[in-house]
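Throughout, protein chains are lettered first and strands after them, A, B, ... in sequence-line order, and every chain is numbered starting at 1.
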Amino acid sequence: MIVLATAHAQLVRDAIQAAQAANDLPAFEIPAFEIKPPKRPEQGDYAASIALQLAKPAGMKPLDVARLIVYHLPHADFVAAVEIAPPGFINFRLDDDWLAQQVEAIITAGSQLFQLDHGKGKRAQVEFVSANPTGPLHIGRSRGAIVGDSIARILEAAGYAVEREYYFNNAGMQMQNLGSSLRIRYLQALGQPVEIPEGGNFYQGDYLIDFARQLVAEHGATWAEHDWQPFKEYAEQKMFGNIRATLKRIEIEHDVFFNENSLFDNGAIWDVMEELDQRGYVYKSVEWEGASEEEKLKAAGKEPATWFRCTPFGIEKDHVLVKSDGTPTYTLPDIAYHKDKLERGFDLAVNILGADHFVQHQVVKAGMQALGLDESKIHVIIMQFVRLIRQGKEVKMSTRRGDYETLDDLIDETSPDAVRYLLLARSPDSRLDFDLDLAVAQNNENPVYYIQNALVRCAGIFRQTAEAGVSDDAVDLSLLGTDELRFLRKALELGDIIEFSALNLEPHKIAFYAHELAGVFHPIYDSVRVLNEDVPADVARARLRFYRAAQVVFKRVLRLMGMSTPEYM
RNA sequence: GCGCUCAUAGCUCAGUGGAUAGAGCAUCGGUCUUCGGAACCGAGUGUCGGGGGUUCGAAUCCCUCUGGGCGCACCA
């Protein structure tokens, strides 16, 4: 099937070139331009403002440019009429017969509807979640999880071979604290009078009490003399099981779990260090080169550390690669990790990060440039935070203490579909308030139900018509009315939406589109009946066929968002 | 203080150079009594945070001010 916005744009581009070849228009480079459905129906189905843009380079009036473009426009079967509107808009109208025939094209495409070849032969990687296994996933991670997986789905629809990756760290102090915390819970489970110290870096969550009970059930008291290490390993394994199970509930499964530690084991971080050094981006000092007097005073007396000179790449200050005690910071393996990504040959590597990691990603990109790598393949989506609202008040979240809201809790309270939709339906740039009461509400304020109800209504028609023996074989699609054609226009926009979302990595467009599509569907459902004595048999059959196509479109859209496609609710 | 980001209808938000700025919810009025009413139809609402600039054209780009959020570690 064709993507209409792109197809129209190609017609216009061909027309401009033809006009230039005929010397009707002077030679100039054709600028990037957009063709999209206009706001008002009287302005056609697709509209272009290119003639206005070209007025200056062409040295002509916009209206004259528009006339020339229209004159040279090649024929296309999907175009019924082209109109010029002052001051120079070109408005296209879709052909009704062609539109009606798209019912068959949609049904044939099925679950592969608007499967594009934009990324054909290309490999994309999306890295998301990437939470260290120190506790269950909490709400703060959930938005990135949904957005990351949705981007992966859209890239797949655009034709990319996509890998979902989870980057984690199972070494370091945090994990040691986790092991120590579990050890105390274990001793408690054995009845020993030990307490988790207040205020320390211990994990208070109840999940460790559960793990401790399981540990006692499996090993009895035999671990009582062990230090934190085996406890850490046990906790880590359990935690990952927990995290993966949670993610699976919202239809997220990663292909690769990348352990940061492997970059230490194979020496990759030291290779990167050496290369950065050779290129002149490493130095040893107690403070960074541009340090203020105040900073120098603070650093006085410290042992020298190893710094990454990243200010040449527009970063405000240099960052430490290796601490004075000889251990690397997070920055060094992170640079090595992204180098590894690029060397694995991905054409596109998308990284979903929280707003607090903004500077860190800049440093990593600087690292890529310093290494002479093509950092343009790395795309970072910075997400603003999610705020949880209950009864109009913010619910405070904390990973360390036990009183936080986990993603599991959220799914239990609402539903996987509500979580997927509500966390997706917002631009990543804006902060997201997740209103628990609204998400729990089973009423029409919740867009999830409005969208899925369209599918349920289709299923209802199919059940009833099957009983009544109405067939939709070999129907005459020209019997479809203007309402059905209106829905088809909107349905065909899905191609534009997928292409745009994939190109700009903006998955929230799909969520808004889904709601709009449902908004076009429901009024039609009311007026365009199949089983009604006033409806002639051949019209009923054509309409039934139409609803089959509608179901295909809704299913495709819901699956692109990782949502279920119910037949009953 | 510096960097990033956000500010659009009563509320939650779309809209990133084009035509008269749009949805949903809420509010008010109506349909209907059902191929699933979790529905449909109709009505009103805007100093696009303020100011300046670029442009034939700005919610959109630039500057500036105000007000939120997030960063500005030898943490990850």
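- OP1 or OP2 of B:C2 has not a single side-chain nitrogen or oxygen of A:Lys317 nearer than 4.0 Å.
- Contact annotation for A:Gln53: base contact, defined as any heavy-atom pair under 4.0 Å involving a base atom.
- Using a 30° and 60° split on the angle between ring planes, A:His254 and A:Phe128 fall in the tilted class, from 30° to 60°.
- When all heavy atoms of A:Phe462 and A:Thr465 are compared, the closest pair comes out as O-OG1, 3.2 Å.
- Within the 4.0 angstrom heavy-atom criterion, no nucleotide atom of any strand lies near A:Val322.
- Among the heavy atoms of the strands, none lies under 4.0 Å from A:Asp435.
- Heavy atoms of A:Glu516 sit nowhere under 4.0 angstrom from any nucleic acid atom.
- Distances shown here put a side-chain N or O of A:Tyr450 below 4.0 Å from the OP1 or OP2 atom of B:C40.
- A:Ser430 has a side-chain polar atom (N or O) that falls below the 4.0 Å cut-off from OP1 or OP2 of B:A14.
- Atom CD1 of A:Ile524 is separated from atom P of B:G36 by 18 Å (rounded to the nearest Å).
- A distance of about 30 Å separates the C1' atoms of B:G57 and B:G24, rounded to the whole Å.
- A:Phe89 qualifies as a stacking partner of the B:A19 base, centre to centre under 5.5 Å and near-parallel within 30°.
- A:Phe385 comes within 4.0 angstrom of sugar-phosphate atoms only, judged by non-hydrogen atoms across all strands, and of no base.
- At the heavy-atom level, A:Val359 lies under 4.0 Å from the strands shown only through sugar-phosphate atoms.
- With ring centers used as reference points, A:Phe313 lies under 6.0 Å from A:Tyr281.
- A salt bridge between A:Glu295 and A:Lys298 is absent, with no side-chain N of the basic residue lying under 4.0 Å from a carboxylate O of the acidic one.
- For the P atom pair drawn from B:G71 and B:A19, the interatomic distance equals 39 Å after rounding to whole Å.
- Here A:His357 lies in heavy-atom contact (under 4.0 Å) with a base.
- With hydrogens and angles disregarded, a donor-acceptor distance shorter than 3.5 Å links the side chain of A:Gln452 to the backbone of A:Ser564.
- Pair assignment for B:U20 gives none, since no Watson-Crick or G-U wobble pairing has each distance under 3.5 Å.
- Residue-level contact check: A:Ala47 touches the bases, meaning some heavy atom is under 4.0 Å from a base atom.
- Contact annotation: A:Arg431 side-chain N/O to B:G69 OP1/OP2 distance is not under 4.0 Å.
- Within 4.0 Å of A:Met173, counting heavy atoms only, lies no atom of the nucleic acid at all.
- Pairing for B:C40 is with B:G30, a Watson-Crick or G-U wobble pair whose two hydrogen-bonding atom distances lie under 3.5 Å.
- Side chain A:Arg463 to base B:G36: a donor-acceptor pair is found below 3.5 Å.
- Using a 4.0 Å heavy-atom cutoff across all strands shown, A:Thr327 reaches no nucleic acid atom at all.
- Put simply, the side chain of A:Ser324 and the base of B:C74 share a donor and an acceptor less than 3.5 Å apart.
- Ion pairing of A:Arg541 with A:Asp538 is absent here, as no side-chain N (NZ or NE/NH1/NH2) approaches a carboxylate O to less than 4.0 Å.
- Using Watson-Crick or G-U wobble geometry with both donor-acceptor distances under 3.5 Å, B:C25 finds its partner in B:G10.
- A:Trp288 contributes no side-chain N or O that, together with a main-chain N or O of A:Trp307, makes up a donor-acceptor pair within less than 3.5 Å.
- At a threshold of 4.0 angstrom between heavy atoms, the contacts of A:Val380 with the nucleic acid are absent.
- Checked by distance alone, A:Asn91 brings a side-chain donor or acceptor within 3.5 Å of a matching partner on the base of B:A19.
- In this structure, A:His508 reaches the B:G15 phosphate: one of its side-chain N or O atoms is under 4.0 Å from OP1 or OP2.
- Among the atoms of the strands shown, base atoms are found under 4.0 Å from some heavy atom of A:Glu303.
- Distances shown here put a side-chain N or O of A:Lys39 below 4.0 Å from the OP1 or OP2 atom of B:A19.
- Looking at the side chain of A:Lys509, the nearest of the listed nucleotides B:G15, B:A23, B:G3 is B:G15.
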